[in-house]
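Just below is one structure, and these are the notes that go with it.
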Amino acid sequence: MRWQPNSSPAVAAKRAAMLQRARRFFAERMVLEVETPGLAAYATMDPNIASIRAVVSDRTAYLCTSPEYHMKRMLAAGYPDIYQVSQVYRDGESGRHHLPQFTMAEWYRLGFGLNEMIQEAIDFVALMLDDGAYAKQANWVRYTAAFEETLGIDPLRASVETIAGKLDADEGLINRLGNDRDAWLDLAMATGVAPSFAEENLTVIHHYPLSQAALAQQCPDNPAFADRFEIYYGSLELANGFVELTDADEQKKRFRKDQLIRGQNNQVVHEIDEYFIAALEHGLPACAGVAIGLDRLLMISCDTDDIHAVTAFTPGIQI
């Protein structure tokens with residue numbers, strides 16, 4: 001039985017230094033640090049993310065996949081710009097780049113637009129990696145342009161059959177994903193588009209299709225898209241952010257769509273978080289937010305391709 005930690009004291013020191021830089025980053029911008037529960041009464045609605053169920057005093061609860069809902073409730077209640085560095089939990093995520101428990105930095109800025117949020121996220125990543133060159137060299141690419149340049153298709157118009165053909169999908173994969181366009185587009189991004197990104201450099205993919213942004217504001221210039229972005233280091237996803245949706249009715253409509261997708265995929269269909277909806281009905285101010293995985297940033301800093309190498313103990317296994 002191996003009882004020793006995966007990572008060394010030197011890695012732990014790098015993690016501690018990164019956390020210190022993160023807190024300095026937010027302190028200089030007068031962003032307030034907050035804490036929210038790791039347990040919630042409601043699970044995530046996202047069909048691509050699985051919540052871990054817990055039982056507390058004979059009542060069902062869920063380990064938080066993100067502090068997002070609680071933090072937006074704070075903003076609706078009058079809090080200023082806020083951030084949090086917390087442990088988050090996701091079922092079914094295990095591999096060289098995934099853990100069922102990991103460290104996330106998430107923050108929200110009142111009045112920020114998409115470009116402002118992207119630039120601040122880039123600046124944060126550059127500081128965490130202790131190399132300002134990343135901020136200067138980041139490559140900004142529109143979602144549709146990334147697909148056109150790498151796969152030669154328009155992601156909004158290409159048929160499922162066309163996307164599957166570009167990925168050389170076998171019959172098993174075709175049967176598993178069926179006609180779920182967004183699932184095919186996610187796979188195409190991960191296996192066909194992202195591997196083309198410049199190595200050892202940051203790539204920002206922005207303006208995702210509206211169907212892939214359940215919590216983001218619709219792009220005011222084109223209703224087919226949302227003000228959402230992701231940041232990659234090479235093909236490694238680091239950040240996911242967007243200008244926040246503030247319309248409670250629209251949010252409920254999107255949650256119901258997520259419930260429908262979950263049902264079609266034979267996933268657990270969760271109830272809508274009524275606390276979150278009530279906060280939106282009260283009034284969420286115009287804002288933008290982003291979440292960044294610190295463990296993956298530490299992987300880059302330590303020059304390793306294995307997230308377990310920067311984690312003291314593998315969650316759920318070495319406990």
Side-chain donor or acceptor of [X] paired with backbone N/O of [Y] under 3.5 Å:
X	Y	answer
Thr311	Thr314	no
Arg228	Gly241	no
Gln218	Pro223	yes
Arg21	Asp130	no
Gln251	Ala214	yes
Lys166	Ile153	no
Asn201	Gln137	yes
Arg176	Glu171	no

Keeping to residues at least two apart or across chains, list the ring pair (Phe, Tyr, Trp, His ring centres under 6.0 Å) pairs with something in residues 143-169.
Tyr143-Phe147, Tyr143-Tyr208
Using the test side chain to side chain donor-acceptor pair (under 3.5 Å), find all partners of [X] that sit at least two apart in sequence or belong to another chain.
X	result
Trp184	none
Asn115	none
Asp81	Arg109

If the condition is ring-ring contact (aromatic ring centres under 6.0 Å, His included), which residues does [X] pass it with, not counting sequence neighbours?
X	value
Phe242	none
Phe102	none
Phe26	Tyr83, Trp107, Phe124
His270	Tyr62

Expected list for residues 48-58: side-chain donor-acceptor pairs under 3.5 angstrom, two or more places apart:
residue, atom, partner, partner atom, Å
Ser51, OG, Thr44, N, 3.1
Arg53, NH2, Thr60, OG1, 3.1

Suppose we screen for salt bridge (Lys or Arg N to Asp or Glu O under 4.0 Å). Which residues come up paired with Asp182, at least two apart in sequence or across chains?
none
Sorted by chain and number, sequence neighbours left out, salt bridge (Lys or Arg N to Asp or Glu O under 4.0 Å) with Arg59 holds for none
Asp131, CG atom: more than 12 neighbouring heavy atoms under 6.0 Å:
yes
Does the side chain of Gln84 come under 3.5 Å of the side chain of Glu106 through a donor N or O and an acceptor N or O?
no
Sequence-distant partners of Arg142, side chain to side chain contact (heavy atoms under 4.5 Å, CB included), two or more places apart
Thr144, Ala145, His206, His207, Phe225
What is the ring orientation for Tyr232 with Phe197, classed by angle as parallel under 30°, tilted 30 to 60°, or perpendicular over 60°?
perpendicular
